[in-house]
Amino acid sequence: MRRTMVLVGVLAVAVLAATLSMAQTRTPTALDIYVIDVEGGNATLIVAPSRESMLIDTGNAGVAAARDAGRIIEAIHDAGLQQIDHLITTHWHGDHFGGMAELAAKVPIREFIDHGPNVQPGELADTFLLRTYPQLYAKAKHTVVKAGDKISMSGLDVRVVTSAGETIKTPLSGAGTPNPYCSDFKASDNNAEDPQSVGTYIAFGRFRAVHLGDLTKNKEFELMCPNNRLGAVDVLLGLHHGVSSSNSEVMVHALHPRVAIMNNGTRKGGEPDVMKTVHSSPGLEDLWQLHFSLLSGQEYTVPGMFIANTIDDQQQTMPIAPMAAPQPGPGVPPAPVHNGKAYWIKLSAQQDGSFMITNTRNGFTKSYGAGL
Ligand SMILES: [Zn+2]
Ligand SMILES: [Zn+2]
């Protein structure tokens, strides 16, 4: 009798131990980043190991809003999330806040973060900020961030490095050495809202990533010169779709990213100047893209296995020469459309700084060891 009891006890302990170890293997230890295809807009989902989440931007407005919100929801489900804890809207352009109302109707959003009111008047943003946005954050938290603010996320160190046209003045810890690229800088700007972008720096153990929204070259200079206030990063996210009003060497080369992930469209970004800057960035191992871009042509594009999406009507060939960006206006042929199934690029980072990237279209995965 006693022996049986002991045996039952031993078995119970063994079962308990096995259950615990299974639970442990199920507990996520990685920081996951989903770079979601919203056709030359932005939607980047950051998921801490605790599953606390931060979404940066909500894709395009108008007829594209439901499509883009749907693509974001797919990623939210893939990550096993029930809500978005922090939503950053980098700035008030329709390719960044466009799907917000559609998304908020389907997924609870706990905190809405932005740089303050729009500084570039426009029907879309004016109306959204007056009528829609206050209703969305009425039952949540609304935070206007300044450069230097922290966003509290368990297990991560998340810092706002630019907002409302201001940049951090004090270097991040370990950064602040003179930036050798500053002497060759050529000033460039485009519109009033892009320079207002909320830029976010994310540290997880030894892993570092930065997303600067659509921050323009002049602000890159203010942030990175004369001293590099951000230091080096493992991954540069976004790159303003690969548009040439951003992505100076002052920023790209000085950040010394091992990997860049570009949120370009089929005919937006990926311009030759940007591709040259990124491809020649010291220490860069790979550039990943949400799309090929007609503006790159075969001449500047990365191999297809690093490109997450194709188009609805597949082209037979891609010209070698990059296409010149058409001037906006009537008579311009539309960019190749992609309203069908879309694929995200997923990055999973570990505390030691190592990370893995997967192209979910073709299953191609590449591991990057811990940095120095
Ligand atoms: Zn697409
Ligand atoms: Zn944009």
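For ligands, and for the atoms within them, numbers begin at 1 and follow the listed sequence. Only heavy atoms go into these numbers, but all of them, side chains included; no hydrogens, no water, no symmetry mates.
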Shortest-distance N, O or S atom of Asp37 relative to the Zn ion (ligand 1): OD2

Under 2.8 Å from the Zn ion (ligand 2) - protein N/O/S, by chain and number: Asp95 OD2, His96 NE2, Asp214 OD2, His241 NE2

Pairwise ring pair (Phe, Tyr, Trp, His ring centres under 6.0 Å) hits with a residue in residues 56-78, at least two apart: none

Check ion pair Arg51-Asp32 (N to O, under 4.0 angstrom): yes

OE2 (Glu39) - the Zn ion (ligand 1) - ND1 (His338) angle, nearest 10°: 90°

Aromatic ring pairing His142/Tyr137, orientation class (parallel under 30°, perpendicular over 60°, tilted between): parallel

Considering all heavy atoms, the nearest Val198-Asp114 contact: CG2-C, 4.0 Å

Mutual orientation of the aromatic rings belonging to Trp92 and Phe128 [parallel < 30°, tilted 30-60°, perpendicular > 60°]: tilted

Electrostatic pair Lys217:Glu220 at N-O distance under 4.0 angstrom: no

Salt bridge flag under 4.0 Å for residues Glu74 and Lys341: yes

